[in-house]
Amino acid sequence: MDFDLTPEHQAIRTLARDFADREIAPGARERDRSETFPADVLRKMAPIGFLGGPVPEEYGGMGVDMISHSLITEEIGRVDSSVRTTLSVQISLVEMTILRFGTEAQKRTYLPALCTGEIIGCFGLTEPEVGSDATKLRTTAKPDGDGWVLNGRKMWISNGSVSKLALVFAQADPSKGHQGITAFVLERERDGYGSQAIHGKLGLRSSDSSELILENVRVPDSARLGEIGEGFKIAMTSLDGGRYSVAAGAVGVAQACIDASVAYSTQRQAFGKPIAGHQLVAELIADMIVETEAARLLVWRAGQLKDRGAPSTRETSIAKLYASEAAQRAADGAIQIHGGYGFSDEFPVERYWRDARVNRLYEGTTQIQKLIIARFATGIDAIG
Ligand code: COS
């Protein structure tokens, strides 16, 4: 067991930290206010390789390990969760899924373009009436000649309106339940494929969240990802990666709350001294530090398992649950420390709080993570 980062890990963290501070942080508040998708940030990120971190170099990625992937994700999440979300979907849900389950032709066609940001991808699992119970998808895929016809709607799809590529999960054989679900790689140009951006979100205002509309979308069988009926397993495997990325991003938010709170509390005076000198403020900061460091170690543990190719579903759910809850508590504490200023976007902590909220919802709610964790312990299914 080794809790130290290697020199390579430290170097990649420094690279990501510098990029995040220089290129992402300065525009974060304005993008949040104007709900502007961070296309310019992604363009700058592409040449460094951050859009394809863990994808092997032969497919256009950096080929970094999962610890490095978490370090990059944490640093980006530290300054802007909207950018981090865009990246988590692009890498963990789209690229890694194509890498794992795609044919050689699909990998060669899509991965290099995804890793350079030439195309943005999205992951179409959730539907207007299907969230946690992902086995009950209503979107259908019907065989049609040498291809398929897809019909349905997908909801809360990050990158949905800005993407040229969508992984879509659809029911191809309702008699088989979740074993009828089949995955497809859809290119946007297809007739009948539309999207509608969702506005008025509590947080992640500069990331794109959309509804996808699929009306008689015809695709060739070569657009199928994996085997017929393998879609649910593909989705769950992808979510093991996505949840890891969310957890790392949440650690970044929690760290940002510590940094902001330390800076503010050592300057702001009350009762004749910096507020950091008051015990109840010191306690808030100490709690944030303890929980953030615990969350980070949980992420690294899951990452080590992934790097070894060992099962990591349980450890990923633990990291995702703990880090996302810890980030929310840290953001709440940070607002408390900032007082009235924490309630305005003059300081970033209110954005951290709003953005942190969705980590407890997307890619499996906190409650779903608890059910997964408990099922590992008891062997008894409390899901459904
Ligand atoms: N990796 C690979 N396969 C998995 C898996 C994983 N992490 N988890 C489950 N599976 C497989 C199981 O092995 C099982 O395979 P078989 O059909 O061969 O038996 C199948 O998937 C069904 O699994 P399970 O019995 O666990 O399904 P449940 O309905 O009990 O539970 C939960 C599934 C609730 C865990 C799942 O629906 C879930 O994660 N829901 C939340 C969805 C979500 O995160 N949505 C966010 C969308 S992305 S923003």
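Both counts, for ligands and for their atoms, begin at 1 and track the order of listing.
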### Task
Measure D381 to ligand 1 on non-hydrogen atoms and call it side chain, backbone, both or neither using the 4.0 Å cut-off.
side chain

### Ionic contact status for R354 with D32, cut-off 4.0 Å
yes

### Task
Tell me which protein heavy atom sits closest to atom 47 (C) of ligand 1, plus the residue, atom name and distance to 0.1 Å.
T126 OG1, 3.2 Å

### Query
Do any nitrogen or oxygen atoms of T135 lie less than 3.5 angstrom from nitrogen or oxygen atoms of ligand 1?
no

### Query
For atom 17 (O) of ligand 1, which of R375, E230, Q367, H178 has the closest heavy atom?
H178

#### Entry: Atom indices of ligand 1, in the order listed, that fall short of 4.0 Å to a heavy atom of T313
7 (N)

### Task
Give the atoms of ligand 1, by number and element, whose distance to some non-hydrogen atom of K233 is under 4.0 Å.
3 (N)

### Message
What I want to know is whether D240 and ligand 1 share at least one N or O pair that is separated by under 3.5 angstrom.
### Response
yes

#### Entry: Min N/O separation R243 to ligand 1 under 3.5 Å
yes

### Query
What protein heavy atom sits nearest atom 41 (C) of ligand 1, and how far away is it?
S132 O, 3.3 Å

### Residues R33, D345: salt bridge by 4.0 Å N-O rule
yes

### atom 13 (O) of ligand 1 touched by protein heavy atom at under 4.0 Å
no

### Message
Any donor-acceptor pair under 3.5 Å linking the side-chain atoms of N359 with those of R84?
### Response
yes

### Query
Are D221 and R224 close enough for a salt bridge, meaning some N to O gap below 4.0 Å?
yes

### Query
Using heavy atoms and a threshold below 4.0 Å, how should the contact between F232 and ligand 1 be classified: side chain, backbone, both, or neither?
side chain

### Query
Can a salt bridge be assigned to the pair R31 and D80 using a cut-off of 4.0 Å between side-chain N and carboxylate O?
yes

### Message
What I want to know is whether G364 and ligand 1 share at least one N or O pair that is separated by under 3.5 angstrom.
### Response
yes

### Summary
Heavy atoms of R243 and I368 approach each other most closely as NH2-CG2, 4.5 Å

### Query
Using 4.0 Å as the upper bound for N to carboxylate O, is an ion pair formed by K320 and D240?
no

### Task
Pull out every atom of ligand 1 sitting under 4.0 Å from any heavy atom of T237, numbered as shown with elements.
1 (N), 2 (C)

### Task
Can you confirm whether something in the protein, heavy atoms only, sits under 4.0 Å from atom 4 (C) of ligand 1?
yes

#### Entry: Sub-4.0 Å atoms of ligand 1 with respect to non-hydrogen atoms of L239
43 (C), 44 (O), 48 (S)

### Query
Which of the atoms of ligand 1 are close to A134, meaning less than 4.0 Å from one of its heavy atoms?
37 (O)

### Message
Show me which atoms of ligand 1 lie under 4.0 Å from any heavy atom of Q179.
### Response
16 (P), 17 (O), 18 (O)

### Task
May I ask you to say whether E211 pairs ionically with K154, meaning some side-chain N is under 4.0 Å from a carboxylate O?
no

### Message
For E74, is there an ion pair with R296 - N to carboxylate O distance below 4.0 angstrom?
### Response
yes

### Query
Would you say D133 has any N or O atom under 3.5 Å from an N or O of ligand 1, going by distance alone?
no

### Message
Below 30° counts as parallel, above 60° as perpendicular, anything between as tilted: where do the rings of Y264 and H338 land?
### Response
parallel

### Query
Any idea which heavy atoms bring R205 and S82 closest together, and the distance?
N-OG, 3.7 Å

